[in-house]
Structure formats: C-alpha cells, structure tokens
Student: 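The structure is given below, and queries will be raised subsequently.
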Amino acid sequence: MKKILITSFLLLQSSFFLMAQQAPLVSHYMFNSLLINPAYAGSKEYVSATLLYRKQWAGMDGAPVTYSGSVHGLFKKQKLGLGAFIQQDKIGVTKQTDAYASAAYHLPVGDVGKLSVGLQMGVTSFSSDVVQLTYWDPGDKVFDYNTFSSLLPNAGLGVYYYRPLFYAGLSAPYLLSYDANQSGAINSSKPVHHQDRRFYATVGGVIESENDVKFKPSILVRSEGNTPLQFDLNLNVLINDIFWIGASYRSNDAIVALLEYQVNRKFRIGYSYDYTLSEIGNYNSGSHEVMLGYDFGYPVVKMKSPRYF
C-alpha cells in the first residue's frame with residue numbers, strides 16, 4: 001500500500017501525468033503514425049503490422065506499462081486504406097484499453113505526392129481497482145466503489161500529406177471529451193474516467209547525402225485538455241539502408257535514444273531508451289521500449305529502399 005501511495009504522489013507531481021494516463025505516447029511513433037493519425041492508414045502499398053512494448057519509468061512501482069499492436073494496408077484500386085490498432089496502458093491501479101479502426105481515402109497531389117483524409121472510430125475502456133488505494137476521505141463518492149470501469153466510445157479525424165521524402169499531418173484522433181469539469185463534455189452521475197480531446201501536428205522529411213547516409217528530421221506537436229502544449233524534436237540517421245540511429249528531445253520530459261535494425265525487406269526491430277529530465281527522474285531509471293515490425297505483400301519485394309516513415 002505504501003508503494004502505491006508513493007507512486008501516486010510522484011505521478012501527480014509530474015507534468016507528464018495526464019499524457020501518460022490519457023494518451024500513452026510511444027517513442028517509435030514516427031515509424032508508425034497510425035497510433036496518432038487515422039489518415040496514415042494505407043500510406044504504404046503493402047500491409048504493415050507492428051507490435052510494441054513500453055516500460056516507462058523503470059524501477060517505480062505502478063509506473064505506466066504499454067502494449068500495442070497495429071496493422072494497416074491499402075486497397076490500391078479503390079485508393080482506400082484500412083487500419084486497426086489495440087493498445088493497453090496500465091498506470092497505478094488504472095488500466096486503459098483502446099480498440100480503434102481507421103479508414104482513409106488517398107488522393108494523388110502533383111506528380112508524386114498524395115493527400116489522405118482519415119476517420120477513426122472505436123472505444124476506450126477504463127478499469128480502476130480503487131480498493132488497492134489507501135485514502136483519508138471516506139466520504140468521497142469515488143471510493144464508494146471498490147472497482148469501477150468506463151466504456152467510452154470515441155471518434156477522430158486526420159489529414160496526412162506524403163511524398164517519398166516528406167510528410168506532414170494534422171489529427172484529432174479523440175474528438176469526444178469525458179470530463180465533468182469541461183464545458184460541453186460528456187459526463188455521468190457515476191464515477192467516469194476522464195478522457196480529453198487530443199490534437200497532433202507532425203512534419204518530417206528525409207535528406208539524402210552522397211554517402212550511404214540519410215538524415216530524417218521530424219517534429220511532433222501535441223495538445224490535450226488543459227495540459228501545456230508539448231513537442232518532440234527528432235533526428236534519425238539511416239546508415240546503409242539498414243541501421244537507424246536517432247535521438248529526440250521531448251519538451252520538459254525526456255531525451256530519447258533510438259535504434260532500429262532492418263533485418264530484411266520485411267522485418268525490422270527497434271529499441272529506444274528515454275532518460276527522464278523532470279523531477280520524477282530521481283525515482284526511476286528511465287523508460288524502455290521495444291518495437292517489432294513486419295511488412296508483407298508483393299510490393300515489399302519490389303521496394304528499392306526501406307520505409308522512411
């Protein structure tokens with residue numbers, strides 16, 4: 001019980017708490033933007049599947065642990081991309097599970113560019129084992145329930161422009177807000193987990209050099225609820241079309257080191273480590289993330305270069 005109390009206190013003191021609880025953010029999103037933008041579905045001519053595991057704030061009891069799996073592909077003749085993902089995030093006594101499906105329509109723009117407009121629909125399930133907590137206010141109605149859960153349907157929109165060496169996107173993957181303290185939000189008479197609206201903006205590209213080295217700078221800006229605007233600055237380097245080595249700065253939160261190895265045309269594996277910059281870093285040994293990706297379908301065989309984003 002004492003460990004849970006300490007963890008809860010530290011999480012509440014962290015400016016990243018709402019993002020960690022409400023919007024699990026993974027460090028490999030720049031290689032699989034389906035988790036943040038439904039218009040990304042079908043942005044490759046082949047089918048792409050990704051599995052991911054993230055252990056945040058290692059060494060701290062009750063810290064976030066995230067699992068996710070996603071798949072998306074393109075029906076080329078119909079210019080229609082379809083995708084789906086399921087993601088589970090556990091923090092303290094609360095477990096959050098997201099299950100969403102996406103559809104995106106891709107239109108040619110110019111000689112090589114494409115513009116995609118996507119829609120996402122699904123549900124988020126929350127479950128909290130309140131009985132595990134120690135509290136000092138028995139009159140609080142939240143604690144009238146030993147456990148309580150919420151099933152919150154939601155929907156989102158996104159746009160995504162991409163070329164072989166450039167991409168940019170805007171998305172609002174969760175348009176509905178469940179928060180009794182916000183005007184226009186959906187609420188209930190019984191305890192309901194909060195879910196805020198989220199907005200993302202991304203832009204990135206690949207810079208080729210004369211040697212077998214390519215540079216991929218990118219930026220992510222995100223906003224959720226009343227939390228301050230946050231951003232990621234990323235730079236990844238591709239060596240010999242096999243190894244990705246990268247670094248990111250996550251505003252007021254962490255510095256990230258990223259590695260990815262293209263085993264063959266179809267299979268890739270990645271790892272990242274986050275060094276926490278906020279005060280909560282005094283109580284953990286950083287965050288670890290492992291990613292497995294597999295691309296399949298006839299177009300993969302014809303690829304002249306690995307996927308850049």
Side-chain angles (χ1 to χ4, degrees), residues 3-36 50-70 85-98 124-129 132-133 173-174 193-196 198 200 220-225 227-234 236 246-260 269-293:
K3 291 181 179 179
I4 293 177
L5 284 172
I6 293 174
T7 299
S8 299
F9 172 78
L10 293 174
L11 294 175
L12 287 169
Q13 295 301 311
S14 171
S15 63
F16 189 62
F17 171 62
L18 285 177
M19 292 301 297
Q21 181 189 32
Q22 295 295 330
L25 180 63
V26 299
S27 295
H28 283 87
Y29 63 83
M30 71 280 293
F31 293 100
N32 183 27
S33 294
L34 186 67
L35 299 178
I36 60 175
T50 304
L51 295 175
L52 187 139
Y53 166 80
R54 178 177 176 86
K55 173 64 176 177
Q56 188 161 317
W57 300 332
M60 178 184 293
D61 291 329
V65 177
T66 304
Y67 305 86
S68 74
S70 65
F85 74 85
I86 184 167
Q87 180 169 258
Q88 185 178 91
D89 186 63
K90 190 176 189 304
I91 176 171
V93 299
T94 298
K95 182 184 296 183
Q96 173 183 341
T97 303
D98 299 292
T124 297
S125 171
F126 287 95
S127 178
S128 294
D129 294 326
Q132 295 185 34
L133 294 173
Y174 300 89
H193 295 84
H194 291 181
Q195 187 178 44
D196 290 320
R198 309 172 196 171
Y200 297 92
L220 168 71
V221 179
R222 60 191 181 276
S223 173
E224 178 179 354
T227 60
L229 195 70
Q230 294 185 311
F231 62 88
D232 286 15
L233 302 177
N234 313 300
N236 290 281
S248 302
Y249 170 71
R250 185 165 297 147
S251 59
N252 301 317
D253 180 60
I255 295 175
V256 183
L258 183 146
L259 298 172
E260 184 171 317
I269 183 170
Y271 168 79
S272 67
Y273 172 77
D274 299 14
Y275 177 79
T276 308
L277 297 176
S278 60
E279 291 183 4
I280 204 170
N282 297 324
Y283 306 93
N284 69 81
S285 57
S287 304
H288 303 271
E289 187 174 302
V290 177
M291 184 272 297
L292 299 176

Student: Atom CG in L258, atom NE2 in H28: separation rounded to 0.5 Å?
Tutor: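 L258 atom CG to H28 atom NE2 measures 4.0 Å (nearest 0.5 Å).
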Student: Do you know the tightest heavy-atom contact between D196 and E224?
Tutor: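 In this case the closest contact between D196 and E224 is CB-CG, 3.6 Å.
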Student: Going by the rule side chain to side chain donor-acceptor pair (under 3.5 Å), which residues pair with Y29 if we only count those two or more places apart in sequence or in a different chain?
Tutor: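 Y29 satisfies side chain to side chain donor-acceptor pair (under 3.5 Å) with D232, N234 once adjacent residues are dropped.
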Student: When rounded to the nearest 0.5 angstrom, what distance separates CG in N252 from CZ in F231?
Tutor: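 It comes to 7.0 Å.
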Student: List the residues meeting side chain to side chain donor-acceptor pair (under 3.5 Å) with Y271, not counting sequence neighbours, and say none if there are none.
Tutor: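 Scan of Y271 (side chain to side chain donor-acceptor pair (under 3.5 Å), adjacent residues dropped) gives H288.
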Student: Rounded to the nearest 0.5 Å, how far does OH of Y283 lie from CG of D61?
Tutor: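 Answer rounded to 0.5 Å: 14.5 Å.
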Student: What closest approach, in Å, do I91 and P64 show between heavy atoms, and which atom pair accounts for it?
Tutor: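 Closest pair (atom of I91, atom of P64, distance): CD1-CG, 3.7 Å.
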Student: Within the distance-only criterion (no hydrogens, no angle test), does the side chain of S251 pair as donor or acceptor with the backbone N or O of Q230 below 3.5 angstrom?
Tutor: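 No, because the side chain of S251 does not come within donor-acceptor range (under 3.5 Å) of the backbone of Q230.
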Student: Could you pull out all residues at least two apart from S285 that satisfy side chain to side chain donor-acceptor pair (under 3.5 Å)?
Tutor: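 Side chain to side chain donor-acceptor pair (under 3.5 Å) list for S285, sorted by chain: empty.
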Student: Can you name the residues that form a side-chain contact (heavy atoms from CB on, under 4.5 Å) with S68, not counting sequence neighbours?
Tutor: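 Here the qualifying residues are L35, L52, Q87.
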Student: State the CG-CE distance between L220 and M30, to the nearest 0.5 angstrom.
Tutor: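 CE of M30 is found 8.5 Å from CG of L220.
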Student: How long is the span from the CG atom in N236 to the CZ atom in F31, to the nearest 0.5 Å?
Tutor: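 Atom-to-atom, N236:CG and F31:CZ are 4.5 Å apart.
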Student: What closest approach, in Å, do S287 and W57 show between heavy atoms, and which atom pair accounts for it?
Tutor: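 Result for this residue pair: OG-N, 3.0 Å.
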Student: Taking side-chain contact (heavy atoms from CB on, under 4.5 Å) as the definition, give me every residue that meets it alongside V65, ordered by chain and number, with sequence neighbours left out.
Tutor: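 In terms of side-chain contact (heavy atoms from CB on, under 4.5 Å), with neighbours along the sequence ignored, V65 is linked to Y53, K55, Y67.
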Student: Sequence neighbours left out, what passes side-chain contact (heavy atoms from CB on, under 4.5 Å) with S27? Give chain and number order.
Tutor: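 Applying side-chain contact (heavy atoms from CB on, under 4.5 Å) to S27 gives R54, R250, V256, S272, D274, E289.
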Student: Checking the side chain of N284 only, and the main-chain atoms of I280 only, is there a donor and an acceptor separated by less than 3.5 Å?
Tutor: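 Yes, because the side chain of N284 sits within donor-acceptor range (under 3.5 Å) of the backbone of I280.
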Student: With sequence neighbours left out, what residues match I255 under side-chain contact (heavy atoms from CB on, under 4.5 Å)?
Tutor: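 I255: side-chain contact (heavy atoms from CB on, under 4.5 Å) contacts with Y249, L277.
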Student: Is any side-chain heavy atom of K95 closer than 4.5 Å to a side-chain heavy atom of Q88?
Tutor: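 Touching, per the 4.5 Å side-chain cut-off.
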Student: Working to the nearest 0.5 Å, report the span between OG of S70 and CG of L51.
Tutor: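 Going from the OG atom of S70 to the CG atom of L51 covers 8.0 Å.
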